[in-house]
Protein chains: 2
Amino acid sequence: MVKLNSPAPGGMQARGSNRDDLRQGNLSTLLEYVYKNNSISRSDLTSATGLNRSTISDLVGELVELKLVSESESPQLRRVGRPSVNVSIADNIFTITVAPRHHSTTISAVGMNGTVASRIRIATPIHPSPEQVCDAVEQGIGQIRSQLKKGYKLVGVAVAISGQVDVRNNSVRICSMLKWVDVPFGSLLQERLRMPVWVDNDGSLACLAESSFGAGRGFSDIIYLFGGAGGIGGGVVIDNQLVRGSRGYAGELGHIRIMDSRSVDSLGLAGTLEALVNRDDLAHALGLDDPEDDDLSRAILSATTPRAVRLIEKKIQALGYALATLVNIFNPQVILLSGFLQPLYQANDYSLLSKMRQNAVAGSREHVQIRTTELGGRILEIGGAQLAFTDLIANPAQAKFY
Amino acid sequence: MVKLNSPAPGGMQARGSNRDDLRQGNLSTLLEYVYKNNSISRSDLTSATGLNRSTISDLVGELVELKLVSESESPQLRRVGRPSVNVSIADNIFTITVAPRHHSTTISAVGMNGTVASRIRIATPIHPSPEQVCDAVEQGIGQIRSQLKKGYKLVGVAVAISGQVDVRNNSVRICSMLKWVDVPFGSLLQERLRMPVWVDNDGSLACLAESSFGAGRGFSDIIYLFGGAGGIGGGVVIDNQLVRGSRGYAGELGHIRIMDSRSVDSLGLAGTLEALVNRDDLAHALGLDDPEDDDLSRAILSATTPRAVRLIEKKIQALGYALATLVNIFNPQVILLSGFLQPLYQANDYSLLSKMRQNAVAGSREHVQIRTTELGGRILEIGGAQLAFTDLIANPAQAKFY
DNA sequence: TTCTATTTGTTGCCTGTGCCAACATAAACC
DNA sequence: GGTTTATGTTGGCACAGGCAACAAATAGAA
């Protein structure tokens with residue numbers, strides 16, 4: 001169960017807890033269980049939390065009063081004993097997730113129950129200004145509001161940026177895709193919409209989603225790597241906690257250096273993973289011009305020309321070096337590969353694994369797995385929703401909606 | 001305040017808390033404050049924890065009854081108002097820390113108040129067997145027991161290994177210095193001594209010590225790098241938590257790859273930080289044969305021959321690449337350099353900083369500092385003590401002594 | 001010295017949280 | 001229909017921390 005740490009009180013000391021914190025903490029724990037499982041029986045909650053039946057009853061009652069969950073008759077379980085009441089997450093709580101891209105911005109409503117209730121793509125000028133994206137978001141949310149069933153509640157807006165984001169103040173340090181530099185986008189959007197806004201790096205959000213609801217489920221130490229047209233991004237989960245670093249810039253895994261080379265990456269750094277394992281190179285060698293992900297993937301897996309095969313092998317070797325470095329640093333349980341890194345792994349999993357193992361220290365290399373990801377196009381929406389629901393789950397009693 | 005997570009329930013879900021957990025948690029928080037500050041007034045505890053005066057009074061009373069702390073008249077503070085009672089950590093609680101090396105093993109008694117009460121070095125055969133080290137430890141503890149003041153209490157033994165340690169079961173995966181492979185040293189020693197034993201990597205322990213009591217104090221995201229005769233080790237603290245990875249092998253920062261090279265490190269990996277930034281190379285270029293740390297340091301800082309200067313600069317460049325990779329991955333606030341990496345930094349801090357900045361992403365490179373470490377030869381003793389006191393601090397009421 | 005202001009320790013009472021035990025309820029099984 | 005099993009419900013209880021009033025110990029001013 002991967003967590004985001006709430007508004008980190010930087011360097012602050014641990015405080016004591018009083019009875020109120022106890023209650024809030026338990027409410028939060030329960031709500032988190034219900035959220036992660038979507039629906040769970042009261043008796044499962046008792047055994048999972050170790051709390052008393054009567055306490056669970058009381059706590060769930062409060063969550064029902066807060067209209068965050070609802071109780072329903074249990075489905076037929078064919079088990080001895082009185083059937084337990086089922087607790088489900090409310091179906092009218094949504095978050096808005098926003099993904100701005102070159103010339104369009106996608107705005108979605110994601111329910112707390114995991115469903116994407118509505119998705120709208122709004123065209124913008126190429127390299128839109130922050131204001132133009134704000135416009136698109138405002139317009140999109142207007143449309144979404146009219147589409148959602150009456151009685152809906154919004155918790156806020158999560159924005160996934162393909163670039164470096166200072167999560168302390170929700171501002172974009174650099175986003176090459178949008179050509180933004182030092183844009184306090186969170187504040188801008190928040191002022192416009194008058195509801196909470198969270199901004200984060202897309203790699204971190206994808207990692208969060210995949211580790212809680214995808215291929216990383218059940219692991220506590222995870223490395224996630226994504227290869228796309230814009231380069232290689234990623235995220236790291238350590239001890240069930242997303243690694244953000246001091247300002248949120250952590251996880252720039254595409255820019256780790258692995259060898260001497262003249263090739264540079266999107267930031268101009270030479271010899272990095274992103275510089276050496278490059279989508280355009282592959283597409284070119286495979287005779288494709290700006291291919292869709294699926295087409296590139298198929299082409300990689302069915303490559304036959306010596307040139308293409310050699311290049312693919314070279315990329316696999318480079319990726320193997322990078323994975324070894326990451327394994328040495330983190331000792332993860334699993335590495336999740338996504339985007340065009342996925343077909344690279346599938347093209348020759350043995351080669352990738354052995355390269356990684358050859359360059360990793362004994363202890364760490366032994367039990368690490370490589371896996372492909374499970375969540376498809378919804379990944380950013382799921383990750384964004386997780387970000388946006390974090391506050392609500394940490395403090396159910398203080399929930400505010402818009 | 002850097003923490004070790006207690007006996008991590010791997011992948012286990014969060015449990016609910018009851019009133020008893022509340023009490024234990026507050027006791028633990030208080031004891032941690034007293035431990036970290038060695039001595040602190042009750043009124044400071046009130047403001048730090050946010051708990052009520054009367055509650056603090058009650059909790060401290062319990063800690064006094066448990067004989068974990070003692071109260072004393074406050075020193076003259078020359079402040080208005082009734083002077084607050086001072087709470088000090090008990091001076092009779094010790095941990096044993098053990099550092100096995102090539103041909104000797106150091107055994108120390110470290111007080112909970114931070115003092116090294118006793119230190120004994122016992123010679124062993126070169127590359128001692130686990131049993132021989134156990135013998136040395138047993139003998140050392142015997143001597144230490146006779147030296148300590150009557151009424152002492154031991155919490156257990158912390159062992160610092162210069163190699164890979166599986167912290168889940170306290171066994172040594174590989175230690176090249178001792179030529180150990182897969183030695184369940186924790187169990188062996190525990191059976192012999194009949195008291196709790198914790199084993200950990202020396203880099204992690206040093207990182208822990210330096211981040212809580214040394215140059216990393218006050219930072220939440222720290223990278224620690226140590227250069228010694230055996231190679232380069234390190235540790236990472238993220239969000240006030242030591243990064244251990246799934247089994248405890250994380251933090252092998254010497255083995256991250258940075259460029260193409262035929263040079264190999266102590267594990268036979270080519271092109272890694274440890275392969276390229278090598279103590280022997282430096283010593284040789286400076287005309288020294290197996291120098292002491294201080295002599296090497298002085299020689300580096302006063303190098304004049306073109307060959308030595310060139311080599312030093314080359315090492316600095318390589319270190320800069322490695323730091324950039326680490327900065328990109330972690331977005332730390334501070335990097336702590338120790339051992340012979342310290343004089344490298346001091347020899348040309350500008351060069352190291354700029355190399356690192358050139359190869360790091362914009363956001364992360366901007367606010368990161370490089371510092372030298374503060375704790376000297378006592379670092380492993382302090383780190384080991386911290387490891388050994390973790391359980392006691394997490395559960396003051398269940399304290400057991402030996 | 002004496003008085004005031006200020007801060008902290010102490011005490012008794014209160015609130016409310018989770019636990020517990022007894023009972024009620026709803027299913028499966030015989 | 002009775003028994004067994006598991007869960008929901010209820011009222012009372014234990015106890016942790018908050019609170020307010022009072023006591024105590026200091027600095028500073030008169």
Side-chain angles (χ1 to χ4, degrees), chain A residues 14-31 33 39-66 69-88 395-397, chain B residues 14-31 33 39-66 69-88 395-397:
Chain A
R15 295 186 69 83
S17 331
N18 54 24
R19 269 198 345 264
D20 212 53
D21 299 328
L22 181 64
R23 179 79 171 183
Q24 298 307 316
N26 283 338
L27 275 179
S28 168
T29 304
L30 282 195
L31 184 58
Y33 271 103
S39 183
I40 184 173
S41 73
R42 257 158 69 168
S43 89
D44 285 346
L45 285 174
T46 15
S47 55
T49 58
L51 297 173
N52 192 284
R53 276 206 301 256
S54 47
T55 309
I56 294 289
S57 176
D58 191 26
L59 289 167
V60 169
E62 185 163 348
L63 289 179
V64 171
E65 266 183 36
L66 291 165
V69 305
S70 62
E71 288 186 316
S72 57
E73 292 306 303
S74 75
Q76 301 291 355
L77 271 179
R78 306 217 130 273
R79 269 202 320 197
V80 191
R82 177 172 177 174
S84 188
V85 182
N86 226 283
V87 184
S88 310
N395 255 312
Chain B
R15 294 187 69 82
S17 330
N18 55 25
R19 273 197 340 270
D20 210 54
D21 299 328
L22 181 65
R23 179 78 171 187
Q24 297 308 316
N26 283 338
L27 274 178
S28 168
T29 304
L30 283 195
L31 184 57
Y33 271 103
S39 182
I40 183 172
S41 73
R42 257 158 67 166
S43 88
D44 285 346
L45 285 174
T46 343
S47 54
T49 58
L51 297 173
N52 193 284
R53 277 206 303 261
S54 50
T55 308
I56 293 287
S57 176
D58 191 26
L59 288 167
V60 169
E62 185 164 346
L63 289 178
V64 170
E65 266 182 37
L66 290 166
V69 305
S70 64
E71 288 188 316
S72 58
E73 291 306 303
S74 75
Q76 302 291 354
L77 270 178
R78 307 219 128 273
R79 268 201 320 196
V80 191
R82 180 173 174 173
S84 189
V85 182
N86 226 285
V87 184
S88 309
N395 256 312

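Note that the structure is a prediction, hence the values are computed from the model and not measured. Just so we're on the same page: letters track the sequence lines, and every chain starts at 1.
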Distance check needed: [N] [atom2] versus [X] [atom1], whole Å only.
X	N	atom1	atom2	result
Glu73(B)	dA24(D)	CD	C1'	12 Å
Asn86(B)	dT8(C)	CG	P	13 Å
Asp44(B)	dT7(C)	CG	C1'	13 Å
Arg23(A)	dG17(D)	CZ	P	17 Å
Leu22(B)	dT17(C)	CG	P	12 Å
Ile56(A)	dT17(C)	CD1	P	15 Å
Asn52(A)	dG18(C)	CG	P	11 Å
Gln24(B)	dG17(D)	CD	C1'	15 Å

If only side-chain N and O atoms of [X] are considered, is one of them under 4.0 Å from the OP1 or OP2 phosphate oxygen of [N]?
X	N	result
Asn26(B)	dG17(D)	yes
Arg42(B)	dG9(C)	yes
Thr55(B)	dG18(D)	yes
Ser43(B)	dT8(C)	yes
Ser84(B)	dG9(C)	yes

Please classify the nucleic acid contact of Thr46(B) as base, sugar-phosphate, or nothing, using heavy-atom distances under 4.0 Å.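 The residue Thr46(B) makes no contact with any strand.
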Which part of the nucleic acid does Ser54(A) contact within heavy-atom distance under 4.0 Å: base, sugar-phosphate only, or nothing?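 Base contact - Ser54(A) has a heavy atom under 4.0 Å of at least one base atom.
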Shortest non-hydrogen contact between [X] and [Y], atoms and distance:
X	Y	result
Ser84(A)	Ser43(A)	OG-N, 3.0 Å
Ile56(A)	Leu51(A)	CD1-CB, 4.0 Å
Arg15(A)	Gly50(B)	NH2-CA, 3.0 Å
Ser72(B)	Ser88(B)	OG-OG, 4.2 Å

Position toward the 5' end of DNA chain C (nearest nucleotide), Arg19(B) or Arg79(A):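 Per heavy-atom nearest nucleotide, the more 5' residue is Arg19(B).
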Nearest to the [X] side chain among [options], which nucleotide is it?
X	options	result
Asn18(A)	dG17(D), dT17(C), dA25(D)	dG17(D)
Arg82(A)	dA6(D), dT26(D), dG17(D)	dA6(D)
Arg53(A)	dA22(C), dA21(D), dG17(D)	dA22(C)
Val80(B)	dT9(D), dA5(C), dG17(D)	dA5(C)

Does Asn26(B) reach the main-chain N or O of Ser17(A) with its side chain, forming a donor-acceptor pair under 3.5 Å?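 Confirmed, Asn26(B) side chain pairs with Ser17(A) backbone.
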